[in-house]
Amino acid sequence: FQAEDGIRDVERSRGLGDVYKRQTLILKLALKIMDELRNEKVFLWVHLMDTHWPYNISLEGAQVCGFRDELQALKFQYRIPISFMNDSSIKVSSEDLKKLKCLYKMSIIQLSIQLKEFLYELADSNLMENAILIILSDHGESFGEHNVIGHPFFSLYNELLTIPLIVFHSDEDIHELIPLPSNESYLQPRDLAPTLLFIYGIKKVPSMLGKALQLKNNQKENLVELEQRVFSETASIDPFELKIRKNKFAISLISKEYKLIVNTITNKLELFNIKRDYNERCNLIYDEPYIAKELFKHIHRYLKMLEVRS
């Protein structure tokens with residue numbers, strides 16, 4: 001939606017170009033398109049950037065966080081040294097960090113209010129009939145954990161990997177369609193697309209990663225087991241050519257209570273027991289080498305699989 005002519009020139013006064021558009025405009029356009037296509041089979045992707053740095057804050061939200069207006073809040077955010085590269089020397093005062101967290105929280109509150117109104121509009125317009133609506137984030141946010149501010153490409157810690165997932169379905173209890181994760185199993189975003197294709201009887205292409213998480217024949221005893229091993233990946237980006245540097249990457253593997261991070265960008269190898277140490281403070285790489293070795297084997301096999309697919 002951000003490239004649609006109808007909103008291309010809106011709010012250019014914010015000084016953020018065409019990248020960030022207020023969620024009210026995006027959701028309004030989404031409703032318009034859904035209404036026009038209500039009798040067709042449609043997949044619609046709506047990308048909202050208001051909770052992405054720099055956080056889009058209303059006047060009221062800015063004042064709650066101690067700023068005069070939105071512009072002052074915006075200038076403050078650009079003054080904070082966001083972690084684009086691995087720089088452990090980044091220092092932010094506790095007061096500034098508190099204000100930054102406040103702005104982030106207010107952006108989430110504002111988004112929640114807008115999404116609530118959007119859902120009411122969908123229901124009132126009968127646009128949720130025979131529809132599945134998924135609310136998902138692509139990453140979390142760091143506020144000083146592991147010497148990181150923001151969500152830099154070199155970081156694969158839990159504060160960035162753990163994201164919200166909300167699913168609405170018009171007729172059935174969605175739990176009968178998509179199983180929920182437990183303490184020792186995980187649901188990862190790459191499984192959502194194959195799951196939706198499965199629900200609507202569409203065959204996925206062989207190159208698509210992930211698998212459908214479904215009840216076979218709607219029988220609970222045939223529940224497909226959720227992933228017990230979850231991979232996450234990131235890579236360095238050439239700032240001049242905007243290309244991914246495949247030789248500089250990081251990959252993590254979660255397997256039950258353990259998580260291994262292999263990071264060739266920061267040259268770190270880390271092992272955590274995320275059941276006991278969810279915030280990943282205690283690196284066990286030298287204390288439990290056999291577990292690290294076993295997880296590394298799975299990572300090696302996974303990378304080989306990606307090479308074959310590509």
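Below, each value reflects all heavy atoms present in this structure, side chains not excepted, and no hydrogens, waters or symmetry copies.
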Determine, for Lys259 against Glu280, whether the closest basic-nitrogen to carboxylate-oxygen distance falls under 4.0 angstrom.
->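 Yes, this pair counts.
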Do NZ/NE/NH1/NH2 and the carboxylate oxygens of Glu233 and Arg190 come within less than 4.0 Å?
-> yes
Answer yes or no: does atom [atom1] of [X] have more than 12 heavy-atom neighbours from other residues, nucleotides or ligands under 6.0 Å?
{"X": "His298", "atom1": "NE2", "result": "yes"}
{"X": "Tyr290", "atom1": "OH", "result": "no"}
{"X": "Phe76", "atom1": "CZ", "result": "yes"}

Evaluate the side-chain proximity of [Y] to [X]: yes if any heavy-atom separation is below 4.5 Å, no if none is.
{"X": "Arg229", "Y": "Tyr302", "answer": "no"}
{"X": "Tyr258", "Y": "Leu295", "answer": "yes"}
{"X": "Trp53", "Y": "Tyr78", "answer": "yes"}
{"X": "Leu161", "Y": "Ser252", "answer": "yes"}
{"X": "Leu260", "Y": "Leu269", "answer": "yes"}
{"X": "Val262", "Y": "Phe296", "answer": "yes"}

Within 45° of the axis and under 6.0 Å from the centre of the six-membered ring of Phe198, does NZ or CZ of Lys204 qualify?
-> no
When hydrophobic residues are tied together by side-chain contacts of less than 4.5 Å, even through go-betweens, does [X] share a cluster with [Y]?
{"X": "Phe143", "Y": "Tyr278", "answer": "no"}
{"X": "Leu209", "Y": "Leu303", "answer": "yes"}
{"X": "Phe118", "Y": "Tyr120", "answer": "no"}
{"X": "Ile108", "Y": "Leu160", "answer": "no"}

Tell me whether [X] contacts the main-chain N or O of [Y] through its side chain, where contact means a donor paired with an acceptor under 3.5 Å.
{"X": "Ser137", "Y": "His139", "value": "yes"}
{"X": "Thr51", "Y": "Ser107", "value": "no"}
{"X": "Arg38", "Y": "Ile33", "value": "no"}
{"X": "Asn279", "Y": "Arg281", "value": "no"}
{"X": "Asp277", "Y": "Cys282", "value": "yes"}
{"X": "Gln63", "Y": "Glu70", "value": "no"}
{"X": "Lys248", "Y": "Thr264", "value": "yes"}

Test side chain to side chain contact (heavy atoms under 4.5 Å, CB included) applied to Ile113 and Leu111, Ile109, Leu115, the passing residue = Ile109
Please assess His151 against Glu159 for the test side chain to side chain donor-acceptor pair (under 3.5 Å), listing each intermediate value before the final yes or no.
-> CA-CA 9 Å; His151 48 274; Glu159 59 266 18; over 6 Å; no
Side chains of Gln110 and Tyr55: is there a donor and an acceptor less than 3.5 Å apart?
->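 On atom types as modelled, these side chains do not qualify, holding no pair under 3.5 Å.
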Verdict with supporting geometry, His52 and His47, ring pair (Phe, Tyr, Trp, His ring centres under 6.0 Å) | CA-CA 11 Å; His52 190 285; His47 194 174; 8.2 Å; no
Nearest non-hydrogen partners of Leu59 and Arg68, listed with the distance = CD1-O, 3.7 Å
Under the side chain to side chain donor-acceptor pair (under 3.5 Å) criterion, do Lys268 and Asn283 qualify, and how do the steps go?
-> CA-CA 10 Å; Lys268 289 183 180 179; Asn283 187 1; over 6 Å; no
